[in-house]
Amino acid sequence: DGVGELARHQLATHEGVEVAAASRPESQRRAFTFVDARGERTITVLGERMVPRREDPLPWERLAEVDGLYFTGADPDALRAARKARVLVASSRVLATLRDARVPLDVLVASATDSGERYVPGDLDPEPGVVVRTAGPAGGEWRSADGRTGHWAAAAVPGPVGDAYGCGDSFAAGLTFGLAAGGELTEALELGARCGAACLAGDGPYAGQLRLSDGSSAQ
């Protein structure tokens with residue numbers, strides 16, 4: 001529908017994203033975002049979520065060429081295809097799909113405070129290589145499957161706070177990019193923290209995005 005095409009245009013034209021998306025006869029779902037005085041957001045979503053399915057006519061073979069993939073939703077067969085990527089990072093928001101697909105994840109991004117993004121050891125088989133738990137301004141912590149642990153600090157916000165819409169996914173995208181570029185976990189987490197902080201300094205999910213020209217490489 002019109003909203004779906006608007007999203008495609010925004011991503012492709014203004015954000016520089018190459019979009020591969022299936023079409024659906026249903027309407028794109030809508031969302032209302034409520035922002036408080038501190039920039040924290042609450043999202044109310046209307047309509048059913050639409051995700052890619054392995055049967056969709058998409059260029060699945062290109063996944064084998066991907067250095068890093070951040071998985072936020074699809075059917076189990078599509079997730080199995082996504083495992084062709086060299087680095088596979090996934091959100092705990094789709095735990096049921098991850099459980100059904102039973103693919104090894106390099107990193108699972110969960111939350112230390114949000115019950116909707118909670119992960120408990122044993123929820124997935126096989127266990128992810130690393131589980132990171134975000135804690136907003138407190139940074140976050142990570143634990144590897146072999147028992148190693150660590151913590152990262154939140155990055156400084158590079159300007160006045162806009163709103164928190166997109167900060168979590170910006171963190172995860174930065175983490176994925178850092179690992180895909182060959183960085184160590186600690187370097188990738190630092191980059192993710194910078195991406196989340198940059199997003200917080202913008203209005204909405206795109207205005208504050210950290211760019212390569214800002215020195216956001218994983219070096």
Side-chain angles (χ1 to χ4, degrees), residues 39-41 43 51 63 66-74 79 82-158 164-201 205 208-210 214 216-219:
E40 188 52 65
R41 90 288 181 268
I43 305 171
V51 298
L63 294 177
V66 171
D67 288 319
L69 191 152
Y70 174 43
F71 180 84
T72 63
L79 176 53
R83 182 57 276 187
K84 295 177 182 178
R86 186 170 59 81
V87 174
L88 178 59
V89 179
S91 167
S92 62
R93 291 192 297 261
V94 290
L95 205 58
T97 301
L98 302 177
R99 189 180 294 118
D100 290 344
R102 298 177 66 89
V103 301
L105 302 174
D106 296 299
V107 180
L108 177 72
V109 179
S111 173
T113 57
D114 188 340
S115 60
E117 299 179 28
R118 184 170 176 263
Y119 177 77
V120 175
D123 280 347
L124 294 179
D125 181 23
E127 284 284 321
V130 177
V131 176
V132 304
R133 292 181 173 85
T134 61
E141 60 185 16
W142 61 268
R143 175 180 290 273
S144 66
D146 61 10
R148 294 178 294 121
T149 61
H151 177 271
W152 75 89
V157 181
Y165 196 116
C167 289
D169 283 326
S170 294
F171 164 82
L175 168 63
T176 304
F177 181 91
L179 293 173
E184 297 293 332
L185 177 63
T186 53
E187 297 173 320
L189 288 167
E190 180 182 353
L191 176 58
R194 291 178 58 203
C195 289
C199 182
L200 185 59
Q209 286 293 312
L210 193 65
D214 300 326
S216 60
S217 72
Q219 296 176 351

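Residue numbers start at 1 and run along the sequence shown.
Among residues two or more places apart in sequence or in another chain, the salt bridge (Lys or Arg N to Asp or Glu O under 4.0 Å) test is passed with Arg83 by Asp106.
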Report task. Take Asp67 and Phe177, measure what side chain to side chain contact (heavy atoms under 4.5 Å, CB included) needs, and give me the verdict at the end. Result -> CA-CA 8 Å; Asp67 288 319; Phe177 181 91; over 6 Å; no
Requested in this report: Please lay out, stage by stage, how Phe171 and Cys199 fare under the test side chain to side chain contact (heavy atoms under 4.5 Å, CB included).
Outcome: CA-CA 9 Å; Phe171 164 82; Cys199 182; over 6 Å; no
**Report entry** Evaluation steps, side chain to side chain contact (heavy atoms under 4.5 Å, CB included), between Leu88 and Leu79
**Finding:** CA-CA 10 Å; Leu88 178 59; Leu79 176 53; 4.2 Å; yes
Requested in this report: Assess whether side chain to side chain contact (heavy atoms under 4.5 Å, CB included) is satisfied between Leu105 and Phe71, documenting all intermediate values.
Outcome: CA-CA 10 Å; Leu105 302 174; Phe71 180 84; over 6 Å; no
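Exactly one of Asp169, Asp114, Thr72 qualifies for a side-chain hydrogen bond (donor to acceptor under 3.5 Å, both in side chains) with Arg93. That residue is Asp169.
Applying the salt bridge (Lys or Arg N to Asp or Glu O under 4.0 Å) definition to pairs two or more places apart or across chains, those involving residues 135-153 are Asp146-Arg148.
Taking both residues in full, the closest heavy atoms of Cys167 and Gly196 are given as SG-O, 3.5 Å, listed atom of the first, atom of the second, then distance. Here the closest non-hydrogen pair linking Ala201 and Val157 is CB-CG1, 3.9 Å. Annotation for Ser170 and Cys195: closest pair O-CB, 3.3 Å, computed over non-hydrogen atoms. Taking both residues in full, the closest heavy atoms of Ala197 and Pro158 are given as O-CD, 3.5 Å, listed atom of the first, atom of the second, then distance. Of all heavy-atom pairs spanning Thr176 and Leu69, the tightest one is CG2-N, 3.7 Å. The two residues Ala112 and Ala135 make their nearest non-hydrogen contact at CB-CB, 4.3 Å.
The line from CG of Asp125 to CD of Glu127 is 7.5 Å long, rounded to the nearest 0.5 Å. Summarising the geometry, atom CG belonging to Leu179 is positioned 13.0 Å from atom OH belonging to Tyr70; distances are rounded to the nearest 0.5 Å. Here the CG-OG distance, from Leu108 to Ser92, works out to 5.5 Å after rounding to the nearest 0.5 Å. Between atom CH2 of residue Trp142 and atom CG of residue Leu189 there is a gap of 8.0 Å, rounded to the nearest 0.5 Å. With rounding to the nearest 0.5 Å, the separation of CG in Asp100 from CG in Leu95 is 10.0 Å.
Within the 4.5 Å cutoff, the side chain of Leu210 has heavy atoms near those of the Leu191 side chain. Two residues are said to be in side-chain contact when any heavy atoms from C-beta on lie closer than 4.5 Å; Thr134 and Thr113 fail this criterion.
Within 6.0 Å of the CD atom in Glu117, the count of heavy atoms belonging to other residues, nucleotides or ligands exceeds 12.
A donor-acceptor pair under 3.5 Å is formed between the side chain of Arg133 and the backbone N or O of Tyr119.
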